[in-house]
**Student:** 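Input: one structure, supplied below.
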Amino acid sequence: MVSRVIPVDSFDLVVFGGTGDLARRKILPGLFRRFLAGQMPEDARIIGAARAEMDDAGFRALVAEAIGEFGGPASRKADELARFLDRLHYVAIDAKGDGGWPALAQAMRPDVVRAFYFSVAPALFGDLAERLHRHGIATPESRIVVEKPFGRDLASACALNATLAEHFTEHQIYRIDHYLGKETVQNLMAVRFANILFEPLWNARHVDHVQITVAETVGVDGRGSYYDKSGAMRDMVQNHLMQLLCLIAMEPPYRFDPDAVRDEKLKVIHALEPVRPEDIVRGQYRGAGKGTKGSYTDDAENRDSRTESYVALKVNIANWRWKGTPFYLRTGKKLRARASEIAIVFKEVPHSIFGEEEGWRENVLSIRLQPNEGMTLSVMIKEPGPGGMRLTEVPLDMSFADALGEDGTDIPDAYERLIMDVIRGNQTLFMRGDEVEAAWAWTDPIIAGWETRGDKPRGYDPGSSGPEDALMLLHRDGRRWREIRE
Ligand code: NAD
């Protein structure tokens with residue numbers, strides 16, 4: 001089944017920070033793939049805007065190189081690449097000064113969608129927003145896209161929201177969480193709300209617990225000083241894992257509409273119970289020892305760092321649907337495999353008519369976000385053959401790569417999908433300001449607790465599944481983590 005491509009309206013997309021790492025690795029190669037898919041109208045334009053002095057030709061050369069490096073097989077299509085590069089322009093601007101802004105104003109066309117991607121440090125968001133207005137570039141229909149980190153606590157997130165709100169209304173602001181752009185994440189909503197099968201079971205009566213794992217094999221190499229001020233809780237849990245939790249736990253929205261979906265997600269965040277200190281385990285990868293090669297403190301260039309590169313926690317949701325069903329969340333760096341998975345672990349049958357079968361397993365709906373996006377439902381069946389009634393577990397597998405594309409290459413990357421949603425004006429998969437603030441309001445006391453108590457993260461071996469204590473978090477409740485594997 002080849003996916004249907006619906007072209008979007010014509011647009012001028014300005015990428016502030018168009019020469020930066022995120023633009024080169026994700027945004028520009030993603031736009032090229034949408035161009036190849038035929039989703040970009042003939043006259044759509046992308047305007048790079050950053051501090052470096054260069055002309056259109058210089059920017060096109062930079063983008064061609066980035067696509068060669070990060071664009072995958074698509075980058076080999078030379079004719080198409082040349083046609084894509086023709087749509088690129090560049091204006092040198094200074095976010096903190098007025099240089100370049102009149103030229104940018106001049107470059108914008110009337111009567112097309114105007115979108116501004118703020119792929120720069122958050123400290124510059126206010127400057128960009130203010131200058132877009134002062135120079136008459138932003139219209140009431142213009143959209144801005146902002147990247148994480150969206151604040152580092154509730155106070156800074158509120159300040160950032162207030163700064164943007166001085167110049168843009170909420171319906172113009174697209175806060176990207178690229179986890180929400182993943183095919184599987186959206187499919188989670190389709191599976192829940194377009195089938196009668198799961199929803200009746202989707203509650204504390206039938207679900208024993210939920211596990212959300214986002215495991216990485218990389219360390220913090222190269223961005224250690226940034227990460228050291230953040231840590232796994234701020235960098236991953238407050239945003240990505242929280243968003244996944246909301247999509248699993250939320251009530252059915254009355255319609256698949258941006259505010260209806262986000263209202264339901266917000267209610268979940270409000271229903272989260274404060275997390276008890278004994279329900280959290282923080283970890284830091286240690287290598288041969290503290291400060292040694294291969295250890296976090298070496299990568300972060302801070303021998304005394306107490307920042308966590310791993311966190312596991314048990315989260316309870318205080319509402320009728322979920323009371324009594326814990327959600328276990330974990331994420332970390334330098335773990336044994338790169339794997340992100342949501343697992344809905346159902347309760348056992350109330351009585352086994354087959355006796356105490358060895359190898360008896362609960363049904364698990366596993367939603368894999370990476371690698372190999374897809375879903376698996378494990379079910380018990382009779383072991384084939386004449387050996388009597390012996391049970392075995394088999395997966396009902398739905399790999400999107402197999403089901404939707406010949407080799408999975410026509411599944412768009414999260415960034416591609418989200419940028420096209422910005423052009424279409426669909427905010428469903430973007431975080432609303434109040435959601436971000438509510439998530440920080442829940443996260444802040446957890447982090448403050450560590451700071452007051454002077455908690456130190458537990459060490460774990462690079463390539464392992466995380467600190468030993470994290471295993472206990474589930475063992476204590478008579479449960480076990482699912483294996484982290486690709
Ligand atoms: P970067 O440092 O590689 O690039 C920054 C860009 O901003 C450059 O193009 C630079 O020219 C421009 N810039 C800096 N100061 C400027 C000024 N005064 N006026 C105009 N332009 C200026 O940063 P990055 O890694 O691309 O990250 C950009 C944003 O995206 C940050 O907010 C970052 O936290 C976020 N982010 C990045 C990644 C990633 O993978 N790189 C992932 C998630 C979020």
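From a predicted model like this one, the values you see are computed outputs, not experimental measurements. Note that ligands are numbered from 1 as they come in the structure, with each ligand's atoms numbered from 1 the same way.
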**Student:** Could you pull out the closest heavy-atom pair between Gln427 and Ile173, with the gap in Å?
**Tutor:**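 Distance-wise, the nearest heavy atoms are NE2-O, 3.0 Å.
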**Student:** So for Lys26, does at least one of its heavy atoms come nearer than 4.0 angstrom to any atom of ligand 1?
**Tutor:** no
**Student:** Have a look at ligand 1 and work out which part of Glu147, if any, has a heavy atom under 4.0 Å from it: side chain, backbone, both or neither.
**Tutor:** side chain
**Student:** Got Lys96 and Leu124 here, is their nearest side-chain heavy-atom distance under 4.5 Å?
**Tutor:**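 Heavy-atom side-chain distance check passes, below 4.5 Å.
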**Student:** Below 3.5 angstrom, do we get any N/O pair linking Lys96 and ligand 1?
**Tutor:**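 Lys96 vs ligand 1: no N/O contact under 3.5 Å.
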**Student:** Can you list the steps and then say if Arg45 with Asp12 is a salt bridge (Lys or Arg N to Asp or Glu O under 4.0 Å)?
**Tutor:** CA-CA 5 Å; Arg45 295 184 322 163; Asp12 279 352; 3.0 Å; yes
**Student:** Return the residue, atom name and 0.1 Å-rounded distance of the protein heavy atom closest to atom 6 (C) of ligand 1.
**Tutor:** Gly17 CA, 3.5 Å
**Student:** What do you reckon, does Ala95 have a nitrogen or oxygen under 3.5 Å from a nitrogen or oxygen of ligand 1?
**Tutor:**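 Checking ligand 1 against Ala95, an N or O pair does fall under 3.5 Å apart.
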**Student:** For atom 36 (N) of ligand 1, find the nearest protein heavy atom and state the residue, atom name and distance (0.1 Å precision).
**Tutor:**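 Checking every protein heavy atom, the shortest distance to atom 36 (N) of ligand 1 gives Lys148 O, 3.8 Å.
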**Student:** Can we say Lys148 and Asp235 salt-bridge, meaning some charged N sits less than 4.0 Å from an Asp/Glu carboxylate O?
**Tutor:**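 So Lys148 pairs with Asp235 through a salt bridge.
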**Student:** Using a strict 4.0 Å cut-off to heavy atoms of Ile93, name the atoms of ligand 1 that fall inside it.
**Tutor:** 19 (N), 20 (C)
**Student:** Charged N to carboxylate O under 4.0 angstrom, Arg482 versus Glu341?
**Tutor:** yes
**Student:** Restricting to non-hydrogen atoms, name the atom on Val214 and the atom on Ser340 that form the minimum distance, rounded to 0.1 Å.
**Tutor:**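 Distance-wise, the nearest heavy atoms are CG1-OG, 3.6 Å.
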**Student:** So, regarding Leu22 and ligand 1 (criterion: nitrogen or oxygen to nitrogen or oxygen, under 3.5 Å), is there a contact or not?
**Tutor:** yes
**Student:** Do Arg131 and Asp98 meet the salt-bridge criterion of a basic N to acidic O distance under 4.0 Å?
**Tutor:** yes
**Student:** Look at atom 2 (O) of ligand 1 and say whether a protein heavy atom is found at less than 4.0 angstrom from it.
**Tutor:**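 Answer no: nothing from the protein, no heavy atom, is under 4.0 Å.
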**Student:** Among all protein heavy atoms, pick the one closest to atom 4 (O) of ligand 1 and tell me residue, atom and distance.
**Tutor:** Gly20 CA, 3.3 Å
**Student:** Around atom 28 (C) of ligand 1, find the nearest protein heavy atom and jot down its residue, atom name and distance.
**Tutor:** Ser119 O, 3.3 Å
**Student:** Can you report which non-hydrogen protein atom sits closest to atom 10 (C) of ligand 1, along with the distance?
**Tutor:** Thr19 OG1, 4.2 Å
**Student:** For ligand 1, is there an N or O atom under 3.5 Å from any N or O atom of Ala23?
**Tutor:**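 N/O-N/O distance under 3.5 Å: no.
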**Student:** Taking all non-hydrogen atoms of both residues, which atom of Arg24 and which atom of Phe70 are closest, and how far apart?
**Tutor:**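 Where Arg24 meets Phe70 most closely, the heavy atoms are O-CD1, 3.4 Å.
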**Student:** Of all the heavy-atom pairs spanning Pro140 and His171, show the shortest one and how long it is.
**Tutor:**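 Heavy atoms only, the tightest pair is O-NE2, 4.2 Å.
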**Student:** In terms of residue, atom name and distance, what is the protein heavy atom nearest to atom 14 (C) of ligand 1?
**Tutor:** Arg51 NH2, 3.8 Å
**Student:** Provide the number and element of each atom of ligand 1 under 4.0 Å from a heavy atom of Pro149.
**Tutor:** 34 (O)
**Student:** What are the atoms of ligand 1, with element, lying closer than 4.0 Å to any heavy atom of Pro122?
**Tutor:**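 Near Pro122, the atoms of ligand 1 are 32 (O).
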**Student:** Short N/O distance, under 3.5 Å, between Tyr415 and ligand 1?
**Tutor:** no
**Student:** Could you note down all residue pairs passing ring-ring contact (aromatic ring centres under 6.0 Å, His included) where residues 100-119 supplies at least one of them, sequence neighbours left out?
**Tutor:**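 The answer is Phe16-Trp101, Phe16-Phe118, Trp101-His135, Phe118-Phe125.
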**Student:** From Ile47 CD1 over to Arg109 CZ, what is the distance, rounded to the nearest 0.5 angstrom?
**Tutor:** 8.0 Å
**Student:** Can you find an N/O atom of Tyr226 closer than 3.5 Å to an N/O atom of ligand 1?
**Tutor:**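 Not met; the criterion fails.
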**Student:** Need the ligand 1 atom indices (1-based, order shown) with element for anything under 4.0 Å from a heavy-atom of Arg25.
**Tutor:**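 Every atom of ligand 1 under 4.0 Å from some heavy atom of Arg25: 39 (C), 40 (O), 41 (N).
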**Student:** Need the ligand 1 atom indices (1-based, order shown) with element for anything under 4.0 Å from a heavy-atom of Asp94.
**Tutor:**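 Result: 17 (C), 18 (N), 19 (N).
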**Student:** Would you kindly check if the NZ (Lys) or CZ (Arg) of Arg306 is within the cone defined by 45 degrees around the ring axis of Trp450 and under 6.0 Å from the six-membered ring centre?
**Tutor:** no
**Student:** Quick test: of every protein heavy atom, which one is nearest to atom 41 (N) of ligand 1, and how far off is it to 0.1 Å?
**Tutor:**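 Looking at atom 41 (N) of ligand 1, the protein heavy atom closest to it is Asp21 OD2, 2.8 Å.
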**Student:** Under 3.5 Å, is there a donor on one side chain and an acceptor on the other for Thr184 and Asn187?
**Tutor:**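 No - no donor-acceptor pair under 3.5 Å links their side chains.
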**Student:** Between the candidates Asp127, Asp177, Val120, Leu124, which shows the shortest non-hydrogen contact distance to atom 16 (C) of ligand 1?
**Tutor:** Leu124
**Student:** Salt bridge or not for Arg432 and Asp259, using N-O below 4.0 Å?
**Tutor:**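 Yes.
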**Student:** Quick one: look at Ala121 and ligand 1, take heavy-atom pairs under 4.0 Å, and tell me if it's side chain, backbone, both or neither.
**Tutor:**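 Looking at Ala121 and ligand 1, just backbone atoms fall under 4.0 Å.
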